[in-house]
Amino acid sequence: MKNNDDIITIDGPVGVGKSTVAKIISEKLGYTYLDTGAMYRAFSLKVIREKIPIEDVQKIVTLLPKTKIYFSENKVFMDGEDVSNIIRTREVEEIVSYISAIPEVRKYMVELQKEISSKGKVVMEGRDCGTVISPNAKYKFYLDASIEERAKRRLLDKKYQNQNLTLEEIKKTIERRDHIDKTRKDSPLRIPEDAVVINTDKLTIEEVTEKIIKYITEKKNIQNL
Ligand code: DC
């Protein structure tokens, strides 16, 4: 299969800084930024609003074609409403790992994500970007960090401050979500075989971003020799 030269994938667990890094890289390269997790979050919000219990998988699945999720200027819209902030609330966070583990939900979102990325020049981040959505992407990265470090970062992240959680509560939530993301049957979180793994424990966002840009630039230069 031909490698896709203008797709960059960044995978990794919850709270590792993927979205911040992906956003900066997309701006630097003039690429489109695709936050795949935001799509699962937006759909989870719809499930909450429709008051469907998470056990009622059949009803959740029938909601899929009735939900319109799209991006515009780095904001995520659900049924015409900008839900970029509201999808970061505790209520959404509590159910999103369950909702995103439903195979029909994944299939639906992956189709949409493939369609968005087929236009090229995309930096996408999530859990299955380099393994399922775009296995032929040329530049794949996997960010990792300890639970302690990820919880500390989440606590300081303005996007999540509406949750009013303590460090211990955040740690527990991260552990629970890691477990669900890594053990689900359908496309669990794993390191893509050909990904560059970056442990970000002792790195700043700028350092991580620089490492990624440097790697891509060097690889592109070698290719052009
Ligand atoms: O990256 P995030 O925290 O916004 O992701 C929200 C949830 O969506 C997370 O619990 C796992 C799921 N997810 C996924 O299953 N596949 C993706 N490509 C992105 C996110």
Side-chain angles (χ1 to χ4, degrees), residues 7-23 26 33-48 54 57 60 64 67 69 71 74-76 78 83-117 122-135 137 140-145 147 150-151 153-155 157-163 165 170-192 195 200:
I7 295 186
I8 300 163
T9 65
I10 304 178
D11 288 305
V14 54
V16 79
K18 298 183 300 290
S19 46
T20 314
V21 167
K23 212 178 277 173
S26 69
Y33 163 55
L34 176 55
D35 175 354
T36 61
M39 298 168 72
Y40 292 100
R41 286 173 180 268
F43 183 62
S44 300
L45 177 66
K46 175 101 169 200
V47 172
I48 293 171
I54 52 170
V57 172
I60 291 173
L64 280 165
T67 312
I69 295 170
F71 293 90
N74 281 349
K75 292 193 171 83
V76 59
M78 193 263 289
V83 293
S84 312
N85 294 327
I86 199 166
I87 57 168
R88 309 280 160 198
T89 54
R90 197 169 175 166
E91 288 72 26
V92 170
E93 206 121 286
E94 265 164 20
I95 70 160
V96 65
S97 284
Y98 297 101
I99 300 295
S100 61
I102 300 170
E104 290 88 344
V105 173
R106 300 207 67 77
K107 192 165 177 280
Y108 192 87
M109 295 300 167
V110 168
E111 282 305 312
L112 266 177
Q113 290 152 358
K114 282 188 173 171
E115 197 183 307
I116 297 171
S117 55
V122 165
V123 182
M124 62 168 108
E125 55 98 351
R127 306 291 191 286
D128 58 348
C129 299
T131 51
V132 177
I133 308 169
S134 196
K140 296 184 187 178
F141 300 89
Y142 185 92
L143 304 188
D144 212 349
I147 289 187
R150 290 190 273 145
R153 289 181 196 164
R154 202 25 82 102
L155 191 68
D157 191 334
K158 283 199 195 73
K159 267 192 313 205
Y160 296 94
Q161 279 174 0
N162 53 14
Q163 295 184 357
L165 294 173
I170 296 176
K171 261 165 77 177
K172 283 210 181 86
T173 309
I174 289 180
E175 270 165 349
R176 184 171 51 80
R177 290 183 54 197
D178 270 0
H179 179 73
I180 301 172
D181 293 346
K182 288 178 178 172
T183 59
R184 67 177 175 226
K185 282 206 182 76
D186 188 353
S187 39
L189 169 66
R190 62 180 176 82
I191 304 175
T200 71

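When a ligand or atom number is given, it counts from 1 through the structure's own listing order. Positions are given from 1, in the same order as the sequence printed here.
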Ser26: which residues meet the side-chain hydrogen bond (donor to acceptor under 3.5 Å, both in side chains) condition with it, sequence neighbours left out?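 Ser26: no side-chain hydrogen bond (donor to acceptor under 3.5 Å, both in side chains) contacts found.
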
Measure the shortest side-chain to side-chain distance between Met78 and Leu45 over non-hydrogen atoms and say whether it is less than 4.5 angstrom.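 Yes - at least one pair of side-chain heavy atoms lies under 4.5 Å apart.
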
Residue pair Ser97 / Arg176, side-chain donor-acceptor N/O under 3.5 Å: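 No, no side-chain donor-acceptor pair sits under 3.5 Å.
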
Would you tabulate the polar-atom pairs, meaning N/O of ligand 1 against N/O of the protein, with distances under 3.5 Å, reported to 0.1 Å?
unit_1: ligand 1; atom_1: 1 (O); unit_2: Arg127; atom_2: NH1; d: 2.8
unit_1: ligand 1; atom_1: 3 (O); unit_2: Arg41; atom_2: NH2; d: 3.0
unit_1: ligand 1; atom_1: 3 (O); unit_2: Arg127; atom_2: NH2; d: 3.4
unit_1: ligand 1; atom_1: 3 (O); unit_2: Arg177; atom_2: NH2; d: 2.9
unit_1: ligand 1; atom_1: 4 (O); unit_2: Arg41; atom_2: NE; d: 2.7
unit_1: ligand 1; atom_1: 4 (O); unit_2: Arg41; atom_2: NH2; d: 3.4
unit_1: ligand 1; atom_1: 10 (O); unit_2: Ser97; atom_2: OG; d: 3.0
unit_1: ligand 1; atom_1: 10 (O); unit_2: Arg177; atom_2: NH2; d: 3.1
unit_1: ligand 1; atom_1: 15 (O); unit_2: Arg106; atom_2: NH1; d: 2.7
unit_1: ligand 1; atom_1: 15 (O); unit_2: Arg106; atom_2: NH2; d: 3.3
unit_1: ligand 1; atom_1: 15 (O); unit_2: Arg184; atom_2: NH1; d: 2.8
unit_1: ligand 1; atom_1: 15 (O); unit_2: Arg184; atom_2: NH2; d: 3.2
unit_1: ligand 1; atom_1: 16 (N); unit_2: Arg106; atom_2: NH2; d: 3.1
unit_1: ligand 1; atom_1: 18 (N); unit_2: Thr36; atom_2: OG1; d: 2.9
unit_1: ligand 1; atom_1: 18 (N); unit_2: Arg127; atom_2: N; d: 3.1
unit_1: ligand 1; atom_1: 18 (N); unit_2: Asp128; atom_2: OD1; d: 2.7

Any pair counted as salt bridge (charged side-chain N to carboxylate O under 4.0 Å, His left out), so long as it reaches residues 177-187, sequence neighbours left out: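 Salt bridge (charged side-chain N to carboxylate O under 4.0 Å, His left out) check on residues 177-187 returns Glu93-Arg177, Arg127-Asp181, Arg150-Asp178, Asp181-Arg184.
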
Chi angles and distances behind the side chain to side chain contact (heavy atoms under 4.5 Å, CB included) call for Lys159, Asn85: CA-CA 7 Å; Lys159 267 192 313 205; Asn85 294 327; 5.9 Å; no

Suppose we screen for salt bridge (Lys or Arg N to Asp or Glu O under 4.0 Å). Which residues come up paired with Lys140, at least two apart in sequence or across chains?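 Once residues adjacent in sequence are excluded, the partners of Lys140 under the salt bridge (Lys or Arg N to Asp or Glu O under 4.0 Å) criterion are Asp194.
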
